[in-house]
Amino acid sequence: MGPLAVVVTIAAAVCVVAWVLSLVTHDHSWVDRFWSIVPVAYVWVFALSAGLDDARLTVMAVLVTLWGARLTFNFARKGGYTGTEDYRWAVLRGRMRRWQFGFFNLFFIVLYQNTVLVLLALPALTAWQHRGTPFGAVDGLLAAVFVALLVGETVADEQQWRFHAWKRARGAAGPRFLQTGLWRLSRHPNFFFEQAQWWVFFLIGASAAGSLLQWTVLGPLLLTLLFVGSTIFTESITRGKYPEYAEYQATTSAIVPWWPRRRRVAPPAPATDV
């Protein structure tokens, strides 16, 4: 059995387990709990299939392992493995009929998201198919950029973690939203760094092939679309709970870090004669 067949087999098993567990526990966040783990396994399948003799594949596996370790840690400390379901699924259940959410659970939460996770790992397939291509300066530069983006996401998550700890200590006092550090430049800097890492990962695989025209671009592309939809939905919930969030949206970039825009000041009302 080739490495791609092994990856597809593992992914199929993960889909079945996630779907069955969601039905048994009525908790639909099982894919979230696998998210930082299965891509690591997939990339290592390709690296091990090459006998760990291909430097590019080994580096790719190490990079994704670092990504997975960081994300797993952050997810765990927020209670992700304690049975806490993503609050957005509860909101959607309230907007759908039971059978509609059942289809949504199977086809989007389980099948679509797991398909994205497989596709994200497949630049390693490109590298595996071009194992004779030497690991060069471009690959080293891309690996360094991946690590830099990983550090950026770590900083963003740490800033958010400390902000929420500070909020819990102060109770209702203080600002509702984090607007300092990286969060001054983006409403979701962690989302930016997360997506950027996978685009760089795709480029490492494309480097092995010597061409950017690789169908494995579907992985980072679908991930970006997933994040765009998720951001719009999440922010609609936040804005519904906190109307003042609209002001944060008006001044701060959604994803890509950028200098904040100045707040718009309404012009004074024209004087009227009495």
task: Establish, for the pair Arg131 and Trp128, whether the NZ or CZ atom is under 6.0 angstrom from the six-membered ring centre and no further than 45 degrees off its axis.
output: yes
task: Take Leu125 and Gln129 through the test side-chain contact (heavy atoms from CB on, under 4.5 Å) and record every step on the way to the result.
output: CA-CA 6 Å; Leu125 170 63; Gln129 292 171 331; 3.8 Å; yes
query: Does Trp183 share a hydrophobic cluster with Phe163, counting links as ILVMFWY side-chain heavy atoms below 4.5 Å and allowing steps through other members?
result: yes
message: Between Leu203 and Trp198, does the side-chain contact (heavy atoms from CB on, under 4.5 Å) criterion hold? Intermediate values first, please.
response: CA-CA 9 Å; Leu203 291 176; Trp198 288 109; over 6 Å; no
field: Flag side-chain contact, heavy atom, 4.5 Å: Thr9 against Val6
entry: no
message: Can you give me the closest heavy-atom contact between Leu142 and Val200, atom names plus distance?
response: O-CG1, 3.2 Å
message: Any donor-acceptor pair under 3.5 Å linking the side-chain atoms of Gln113 with those of Trp35?
response: no
task: Using the six-membered ring wherever Trp is involved, compare the ring planes of Phe103 and Trp99 and label them parallel, tilted or perpendicular (cut-offs 30° and 60°).
output: perpendicular
query: Any ion pair linking Glu158 and Arg70 (charged N to carboxylate O, less than 4.0 Å)?
result: no
message: Are the side chains of Phe108 and Leu92 in contact, using a 4.5 Å heavy-atom criterion?
response: no
task: Could you go through the side-chain contact (heavy atoms from CB on, under 4.5 Å) check for Thr58 and Asp54 one step at a time?
output: CA-CA 6 Å; Thr58 302; Asp54 184 85; 5.6 Å; no
field: Minimum heavy-atom distance Val217-Phe202, with the two atoms named
entry: N-CE1, 3.5 Å
Under 3.5 Å donor-acceptor, Thr65 side chain and Ala61 backbone: yes
message: Could you measure the distance from the SG atom of Cys15 to the CD1 atom of Ile109? Nearest 0.5 Å is fine.
response: 12.5 Å
message: Tell me the closest heavy-atom pair linking Val64 and Val43, and the distance in Å.
response: CG2-CG2, 4.0 Å
- request: Establish whether Phe34 and Tyr81 are linked, either directly or via other cluster members, by ILVMFWY side-chain heavy-atom contacts under 4.5 Å.
  value: no
- request: Please work out which of the three classes, parallel, tilted or perpendicular, describes the rings of Phe191 and His188, given edges at 30° and 60°.
  value: parallel
field: Exam field: side chain Arg187 to backbone Thr252, donor-acceptor pair closer than 3.5 Å
entry: yes
field: Check: Ser186 side chain, Pro257 main-chain N or O, donor-acceptor pair, under 3.5 Å
entry: no
- prompt: Is it true that a side-chain atom of Ser230 and a backbone atom of Leu226 form a donor plus acceptor pair closer than 3.5 Å?
  reply: no
statement: Tightest non-hydrogen contact, residues Thr72 and Ser36, listed as OG1-OG, 2.6 Å
field: Nearest non-hydrogen partners of Ala47 and Leu57, listed with the distance
entry: CB-O, 3.9 Å
- prompt: How far apart are the C-alpha atoms of Arg33 and Asp27, what are their side-chain angles, what is the distance that settles it, and do they pass the salt bridge (Lys or Arg N to Asp or Glu O under 4.0 Å) test?
  reply: CA-CA 11 Å; Arg33 296 176 187 123; Asp27 177 346; 2.8 Å; yes
task: Give a yes-or-no answer on whether the side chains of Arg56 and His130 include a donor-acceptor pair shorter than 3.5 Å.
output: no
message: Grouping I, L, V, M, F, W and Y whenever their side-chain heavy atoms are under 4.5 Å apart, do Met1 and Trp44 come out in a common cluster?
response: yes
- prompt: Judged by atom type as modelled, is there a donor-acceptor pair below 3.5 Å linking the side chain of Thr234 to the main-chain atoms of Thr231?
  reply: no
- prompt: Say you draw a straight line from CZ of Phe201 to CG of Leu149; how long is it, rounded to the nearest 0.5 Å?
  reply: 13.5 Å
query: Taking all non-hydrogen atoms of both residues, which atom of Ala127 and which atom of Ala208 are closest, and how far apart?
result: CA-CB, 3.8 Å
- request: Could you check if a side-chain atom of Ile237 sits within less than 4.5 angstrom of a side-chain atom of Tyr87, using non-hydrogen atoms only?
  value: yes
query: With a 3.5 Å cut-off and no angle check, do the side chains of Asp139 and Ser207 form a donor-acceptor pair?
result: yes
task: Without swapping roles, check the side chain of Ser22 against the backbone of Trp19 for a donor-acceptor pair under 3.5 Å.
output: yes
- prompt: Between Ser49 and Pro3, is there a donor-acceptor pair closer than 3.5 Å when you use the side chain of the first and the backbone of the second?
  reply: no
task: Apply the ring-ring contact (aromatic ring centres under 6.0 Å, His included) test between Trp89 and each candidate in Trp30, Phe233, Phe104, Phe101; give the one that qualifies.
output: Phe104
Donor-acceptor contact below 3.5 Å, side chain Gln100 vs main chain Met96: no
- prompt: Heavy-atom distance under 4.5 Å between the side chains of Ile10 and Val45, does that happen here?
  reply: yes
query: Can you check side-chain hydrogen bond (donor to acceptor under 3.5 Å, both in side chains) on Thr224 and Trp199, steps first, answer last?
result: CA-CA 9 Å; Thr224 297; Trp199 281 102; 3.1 Å; yes
query: Would you say the side-chain atoms of Ser253 pair up with the backbone N or O of Val256, donor to acceptor, closer than 3.5 Å?
result: yes
Over 12 foreign heavy atoms within 6.0 Å of CH2, Trp161: yes
Side-chain heavy-atom pair Val147, Leu63 within 4.5 angstrom cut-off: yes
- prompt: Do you reckon Phe73 sits in the same ILVMFWY cluster as Phe193, going by side-chain contacts under 4.5 Å, direct or chained?
  reply: no
- request: Kindly compute the distance separating CG (Asn105) from NE2 (His28), expressed to the nearest 0.5 Å.
  value: 4.0 Å
- prompt: Atom CD of Glu153 and atom CG of Leu71: how far apart are they, to the nearest 0.5 Å?
  reply: 6.5 Å
message: Counting C-beta onward and ignoring hydrogens, is there a side-chain heavy-atom pair between Leu185 and Phe192 closer than 4.5 Å?
response: no
task: Report, as yes or no, whether the 6.0 Å neighbourhood of atom CZ on Arg77 holds more than 12 heavy atoms from other residues, nucleotides or ligands.
output: yes
query: Mind checking whether Val14 and Val110 have side chains closer than 4.5 Å, heavy atoms only?
result: no
- prompt: Backbone N or O of Leu182 within a donor-acceptor pair of the Gln159 side chain at under 3.5 Å?
  reply: yes
task: State plainly whether one hydrophobic cluster holds both Val228 and Leu120, where clusters connect Ile, Leu, Val, Met, Phe, Trp and Tyr through side-chain heavy atoms under 4.5 angstrom apart.
output: no
task: Report the C-alpha separation of Leu122 and Leu4 in whole Å, then their side-chain angles, then the decisive distance to 0.1 Å, and conclude whether the side-chain contact (heavy atoms from CB on, under 4.5 Å) test is met.
output: CA-CA 9 Å; Leu122 291 190; Leu4 180 58; 3.9 Å; yes
- prompt: Hey, what's the ring geometry for Phe177 with Tyr248, parallel, tilted or perpendicular (30° and 60° as the breaks)?
  reply: parallel
message: To the closest 0.5 Å, what do you measure between NE2 (His164) and NZ (Lys167)?
response: 6.0 Å
field: Ring centre gap for Tyr112 and Phe107 strictly below 6.0 Å
entry: no
field: Validation row: Pro123, Met60 side chains within 4.5 angstrom (heavy atoms)
entry: yes
query: OH of Tyr245 to OG of Ser236: how many Å apart, nearest 0.5 Å?
result: 10.5 Å
